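Everything on this sheet refers to the single structure shown next.
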Amino acid sequence: MENLCRLQACDRAFNDLVSARLPLHADGREMHDRAEELRSRIMRNAQEQGVLRGDVTAQDIAFVIWSQAGIIQATRTIAPRAWRRHLHLMLDAFRTEGAHELPEPGNRPTGRPTPPSTASCVCTVWRD
């Protein structure tokens with residue numbers, strides 16, 4: 001994950017590519033499918049070994065990539081390595097030890113996950 005995020009930080013085009021919501025071109029589909037296969041195998045092995053929470057899904061990994069894209073963009077000129085702190089906080093959250101029940105169930109999509117729409121967000125403003 002760190003190497004992927006390092007590539008995101010170093011290459012704006014790559015960052016745009018991995019965080020895009022656009023459908024993949026046919027030429028990129030094979031590479032995407034291979035990456036999905038490897039990600040699934042790594043996650044399954046880590047969950048079987050008890051080091052990755054059992055409720056972590058592919059969409060959770062996609063959320064990290066999408067959030068990294070924004071952090072990299074926002075901090076590029078003022079703190080170009082801030083993405084590393086965020087990534088390691090997220091990776092710690094995926095560990096089995098100290099895990100708490102999550103407020104929402106994980107989705108296990110069959111295709112490429114898509115970022116959530118802001119239209120579906122419900123926000124509450126607290127006033128004192």
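Note that the coordinates shown come from a computational prediction; the quantities given were computed from them, not determined experimentally.
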query: Does H88 reach the main-chain N or O of H86 with its side chain, forming a donor-acceptor pair under 3.5 Å?
result: no
task: Measure from the side-chain N and O atoms of R6 to the backbone N and O of R84, and report whether any donor-acceptor pair falls under 3.5 Å.
output: no
- request: Could you grab the distance from atom OG1 of T75 to atom CZ of R85, nearest 0.5 Å is fine?
  value: 12.5 Å
message: Can you confirm whether more than 12 heavy atoms, excluding those of R39, are under 6.0 Å from its CZ atom?
response: yes
task: Decide if atom CZ of R12 counts as having more than 12 heavy atoms of other residues, nucleotides or ligands within a radius under 6.0 Å.
output: no
Work out which heavy atom in [X] is nearest to a heavy atom in [Y]; give both atom names and the distance.
| X | Y | result |
| --- | --- | --- |
| D60 | V56 | OD2-CA, 3.3 Å |
| A69 | Q8 | N-NE2, 3.7 Å |
| H100 | R53 | O-NH2, 2.7 Å |
| F94 | I61 | CE1-CD1, 3.7 Å |
| T96 | G50 | OG1-O, 2.8 Å |
| M90 | V64 | CB-CG2, 4.0 Å |

task: Given side chain to side chain contact (heavy atoms under 4.5 Å, CB included), test Q68 with L4 step by step and report yes or no.
output: CA-CA 10 Å; Q68 287 293 96; L4 172 69; over 6 Å; no
- request: Test D92 against R95 for side chain to side chain contact (heavy atoms under 4.5 Å, CB included), laying out the working first.
  value: CA-CA 5 Å; D92 278 350; R95 296 183 199 284; 2.8 Å; yes
field: Derivation and outcome, side chain to side chain contact (heavy atoms under 4.5 Å, CB included), residues Q73 and W83
entry: CA-CA 10 Å; Q73 232 173 11; W83 63 267; over 6 Å; no
message: Counting C-beta onward and ignoring hydrogens, is there a side-chain heavy-atom pair between L91 and E2 closer than 4.5 Å?
response: no
message: Same cluster or not: I72 versus I78, using hydrophobic residues (I, L, V, M, F, W, Y) connected whenever any side-chain heavy atoms lie under 4.5 Å apart?
response: no
field: Hphob cluster co-occupancy, L38 + M43, side-chain heavy atoms under 4.5 angstrom
entry: no
